[in-house]
Amino acid sequence: NPPSVNVFAMADSYFALSEGAPPVLIDPDTLDCGGARDFGGSWPARTTFTAHPKRDPATGDVYAYGLTMSLFPELMLARLPAGGRAFEPFARLPLGGFYPVHDFMLTPNYVVVALPPVYVSMWGMLRGRSCVAENLVGEPDKPLRILVIRKDGRGPAITVESHPPLMIFHHCNAVESEDGRTIRLVSMETDAAAGF
């Protein structure tokens with residue numbers, strides 16, 4: 001899984017990122033590869049790492065998510081404190097399938113994750129279908145699920161269902177109200193996503 005989606009600075013280093021593999025340390029001047037990293041063992045083995053981590057503008061903390069590579073996947077959310085070198089997981093949520101989350105949003109108090117009505121068949125992968133695209137299963141009768149999780153890890157995740165089902169790959173913004181009671185998600189519709 002080539003780390004060809006993004007480059008992100010964290011833990012005093014630069015990392016090349018992809019969707020399904022660990023971050024790869026790179027030298028920003030020579031682009032030499034330093035190999036995959038698990039941040040001192042703080043990022044669990046067999047857990048993907050987002051290609052789009054987010055830095056909290058207020059604290060400098062980095063937030064990331066990963067999906068456990070198993071028949072019963074979980075979404076793991078973790079925080080890398082500013083200046084730190086180890087991630088601190090603060091939420092693990094069973095998903096009921098391997099849903100290809102691609103991006104997420106931060107507000108002052110929350111992490112917002114969209115789960116599309118499409119999943120990757122892990123049984124298909126085990127049966128030898130060669131690539132993820134051959135194992136995508138659409139769920140046209142299910143909604144887009146939006147998970148709202150507190151950044152401090154307290155309390156349960158809130159799930160909001162959006163009908164009709166939609167796909168979200170990248171997010172424009174999430175705006176939290178001053179009282180923290182509402183979040184406005186900002187997206188834009190494209191024909192390419194609708195066709196998919």
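Note that these values count all heavy atoms, side chains included, but never hydrogens, waters or copies made by symmetry.
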Using a 4.5 Å cut-off between side-chain heavy atoms of Ile, Leu, Val, Met, Phe, Trp and Tyr, which other residues end up in the same hydrophobic cluster as Val175?
none
If you link I, L, V, M, F, W and Y whenever their side-chain heavy atoms are under 4.5 Å apart, who else ends up in the same group as Val5?
none
Residues pairing under salt bridge (Lys or Arg N to Asp or Glu O under 4.0 Å) where one sits in residues 59-73, two or more places apart or in two chains, turn out to be none
Pairing residues for Thr68 by the side-chain hydrogen bond (donor to acceptor under 3.5 Å, both in side chains) criterion, not counting sequence neighbours:
none
Looking at residues at least two apart in the chain, or sitting in another chain, which of them share a side-chain contact (heavy atoms from CB on, under 4.5 Å) with Asp179?
Ser177, Arg181
Sequence-distant partners of Phe98, ring-ring contact (aromatic ring centres under 6.0 Å, His included), two or more places apart
none
Partner set under ring-ring contact (aromatic ring centres under 6.0 Å, His included) for Phe39, not counting sequence neighbours
Phe15, Phe87
Run the salt bridge (Lys or Arg N to Asp or Glu O under 4.0 Å) test against [X] and tell me which residues pass, sequence neighbours left out.
X: Asp103; result: Lys54
X: Arg150; result: Asp152
X: Glu161; result: none
X: Asp56; result: Lys151

Working to the nearest 0.5 angstrom, can you tell me the gap between Cys33 SG and Ile26 CD1?
8.5 Å
Contacts satisfying side-chain hydrogen bond (donor to acceptor under 3.5 Å, both in side chains) that involve residues 31-47 (not counting sequence neighbours) are Thr30-Asp32
